[in-house]
Number of protein chains: 2
Amino acid sequence: MTNEHAIDVALVEDNDLFRKTLSGVINRSPNLNCRHAFESAEKALRVMEREEWAPDIILLDIGLPGMNGIASISKIKSLSPASKIIMLTIHDDDDNVFRAICSGASGYLLKDASPHEIIHAMKSVLQGAAPMNAYIAKKVLDLFRKLAAPPAHYGLTGREKEILKLLVDGFSKKQIAATLFLSYHTVDTHLRNIYQKLEVHTRSGAVAKALKERLL
Amino acid sequence: MTNEHAIDVALVEDNDLFRKTLSGVINRSPNLNCRHAFESAEKALRVMEREEWAPDIILLDIGLPGMNGIASISKIKSLSPASKIIMLTIHDDDDNVFRAICSGASGYLLKDASPHEIIHAMKSVLQGAAPMNAYIAKKVLDLFRKLAAPPAHYGLTGREKEILKLLVDGFSKKQIAATLFLSYHTVDTHLRNIYQKLEVHTRSGAVAKALKERLL
DNA sequence: TATTAAATAGCGCATTTGCGTGATTGTCAT
DNA sequence: ATGACAATCACGCAAATGCGCTATTTAATA
């Protein structure tokens, strides 16, 4: 069932059985065409380079022998930026997930995914989505929550927050006064109160705290 | 098909048809029991409080009339911390997604999800996963990549980075000099170079840039 | 070998900052 | 009406900062 306008898929997977099974499933799907199935990232990269081949989608095993899975992503992305990469993995190897994401992978599935899921994932990446296994999504969310910490409240008043913003933007007291049409002394007083509430003694201390704890 | 050990589901959704359809689907599923279906978060909260009811799962529409969808999450979580919340939404309204996540939602689906998808999502949240629509996952990933941005490089030398760290931690020039066993003047010179490379003219400017662009 | 970059150190000075110690006005809830 | 807060304004001063200009030593690199 080859099709001129089929979605061009590359498969990189060292396990023979899994590779053959999956490429079979792909080729039996309408509009999907698995032109090559490689057993290593190196081989895939070689062919992509030699034939200037830019697959629509690359299904990439993260636990490949030889080249690091993460390194492969970068190489592939530099060789063919438009190709969408969907990672396949057995373990939900925590750390690699995030590095893969930052390297430019568009999707992240576990190998126990059903053929249907994988096919569906391939179609949705092409529509700009990022199919992700729910367990992996959980890890992403957890880290996300940690990064987006609770906007700690130090009892800053509206005016104080306003002035703190200008402080973060590098304004001097004189400039803040001019901007807000206030006396220099008023700004000075507000700064003192901000310092006290934030328990700092310098403007950089206040700026650091404001940025670290997202007080704006 | 009521079952003593069924998963206890609450549904909060203002659209009558959608609510009735979905609760029907849930109740026809083995091991799932939709005890109550509310049309507003207020009503759900009232019943949960009065009956001390802690559902296993709460399917929550984000676009409810009355109480804010995000606010509902917080209230529910404080009333029943163990309940898993799966958000349902029509639009992928960017901003709310992140706030919902940070408020403690465990899953995020679009309303066009198939009954099968929703059922499957409910089972996977209970196993500790975070089922997420691929389009929403994309948004999370994009923000994630931005947060874990490429540590912009301003040509700072090792010593300069070291001093910049101390700057962010609120040290004065004198303190930095003492810490690094350097002359006050040396620290001063380093600071000048840092300022020049970062294109700022104050220590708070440097601190802000360092934190905003993660130069440490 | 010559050049460049990094790290070190110094002097002088105008400006800015942080802080002690005040005060006045308006609002809002008790 | 009586505090409690928020927001405003003021003087003075020691300390810290930012910056112009200069200079030495070492390590790397062309």
Side-chain angles (χ1 to χ4, degrees), chain A residues 150-216, chain B residues 67-68 71 74-75 78 150-216:
Chain A
H153 193 46
Y154 287 90
L156 292 179
T157 69
R159 204 51 159 170
E160 284 162 359
K161 281 183 201 160
E162 196 174 359
I163 288 176
L164 184 54
K165 269 175 209 140
L166 295 175
L167 214 65
V168 169
D169 287 338
F171 285 63
S172 73
K173 284 195 272 196
K174 203 186 284 183
Q175 290 174 318
I176 294 176
T179 306
L180 300 180
F181 303 104
L182 289 175
S183 151
Y184 171 88
H185 303 291
T186 304
V187 176
D188 182 70
T189 304
H190 282 306
L191 276 194
R192 296 176 196 223
N193 295 331
I194 292 173
Y195 289 175
Q196 197 174 5
K197 289 178 180 175
L198 260 45
E199 298 174 274
V200 298
H201 304 277
T202 61
R203 52 202 300 105
S204 16
V207 169
K209 202 144 192 172
L211 289 173
K212 281 180 185 167
E213 313 196 10
R214 304 170 192 64
L215 304 180
L216 321 178
Chain B
M67 186 187 288
N68 183 323
S74 309
K75 288 258 171 77
S78 67
H153 195 45
Y154 287 91
L156 293 178
T157 69
R159 202 53 157 169
E160 285 162 357
K161 281 183 202 160
E162 195 173 0
I163 289 176
L164 183 55
K165 268 174 211 143
L166 296 175
L167 213 65
V168 169
D169 286 339
F171 285 63
S172 72
K173 285 195 272 196
K174 203 186 282 182
Q175 290 174 318
I176 295 176
T179 306
L180 300 179
F181 304 104
L182 290 175
S183 153
Y184 171 88
H185 302 291
T186 303
V187 176
D188 183 70
T189 304
H190 282 306
L191 274 194
R192 296 173 195 224
N193 295 331
I194 292 172
Y195 289 174
Q196 198 174 5
K197 288 178 180 175
L198 260 46
E199 297 173 271
V200 299
H201 305 277
T202 62
R203 52 203 299 105
S204 15
V207 168
K209 202 144 191 170
L211 289 174
K212 280 181 186 166
E213 314 197 11
R214 305 168 191 63
L215 305 180
L216 320 177

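Quick note on labels: first sequence line is chain A, next is B, and so on, each numbered from 1.
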Determine, stepwise, if the pair A:E160 / A:Y154 fulfils side chain to side chain donor-acceptor pair (under 3.5 Å).
CA-CA 11 Å; A:E160 284 162 359; A:Y154 287 90; over 6 Å; no
Whole angstrom value for the distance that separates [atom2] of [N] from [atom1] of [X]:
X: A:Q196; N: C:dG20; atom1: CD; atom2: P; answer: 9 Å
X: B:E199; N: D:dC19; atom1: CD; atom2: P; answer: 13 Å
X: B:L191; N: C:dT8; atom1: CG; atom2: P; answer: 13 Å
X: A:N193; N: C:dG18; atom1: CG; atom2: P; answer: 14 Å
X: B:K173; N: C:dT8; atom1: NZ; atom2: P; answer: 16 Å
X: A:L180; N: D:dT8; atom1: CG; atom2: C1'; answer: 12 Å
X: B:L156; N: C:dA7; atom1: CG; atom2: P; answer: 10 Å
X: B:Y195; N: D:dG18; atom1: OH; atom2: P; answer: 3 Å

Does the pair A:D169/A:K165 count as a salt bridge with the N-to-O cut at 4.0 Å?
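Not counted as a salt bridge, because no side-chain N and carboxylate O are separated by less than 4.0 Å.
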[N] phosphate, OP1 or OP2: any side-chain N/O from [X] under 4.0 angstrom?
X: B:T186; N: C:dA9; answer: yes
X: A:Y184; N: D:dC9; answer: no
X: B:R203; N: D:dT17; answer: yes
X: B:H185; N: C:dT8; answer: no
X: A:H190; N: D:dT8; answer: yes
X: A:T202; N: C:dT17; answer: no

Closest to the 5' end of DNA chain D, once B:V200 and A:R192 are matched to their nearest nucleotides, is A:R192
Residue whose nearest DNA chain D nucleotide is more 5′ - A:D188 or A:K197
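Here A:K197 is the residue nearer the 5' end.
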Do B:K212 and A:V168 make a side-chain contact, defined as non-hydrogen atoms from C-beta onward lying under 4.5 Å apart?
yes
Would you call B:K173 and B:L166 a side-chain contact if the rule is heavy atoms closer than 4.5 Å?
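No, too far: nothing below the 4.5 Å cut-off.
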Within the modelled atom types, does a donor on one side and an acceptor on the other bring the side chain of A:T157 and the base of D:dC5 under 3.5 Å apart?
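For A:T157, whose side chain was compared with the base of D:dC5, there is no donor-acceptor pair (under 3.5 Å).
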Could you tell me whether a side-chain N or O of B:T186 sits under 3.5 Å from a main-chain N or O of B:L182, the two making a donor and an acceptor?
no
Looking at the side chain of B:R159, which of D:dT8, C:dA7, D:dT17 is the nearest nucleotide?
C:dA7
Out of C:dG10, D:dC9, C:dG18, which nucleotide sits closest to the side chain of A:T189?
D:dC9
Answer with base, sugar-phosphate or nothing: what part of the nucleic acid does A:K174 contact at a heavy-atom distance below 4.0 Å?
sugar-phosphate
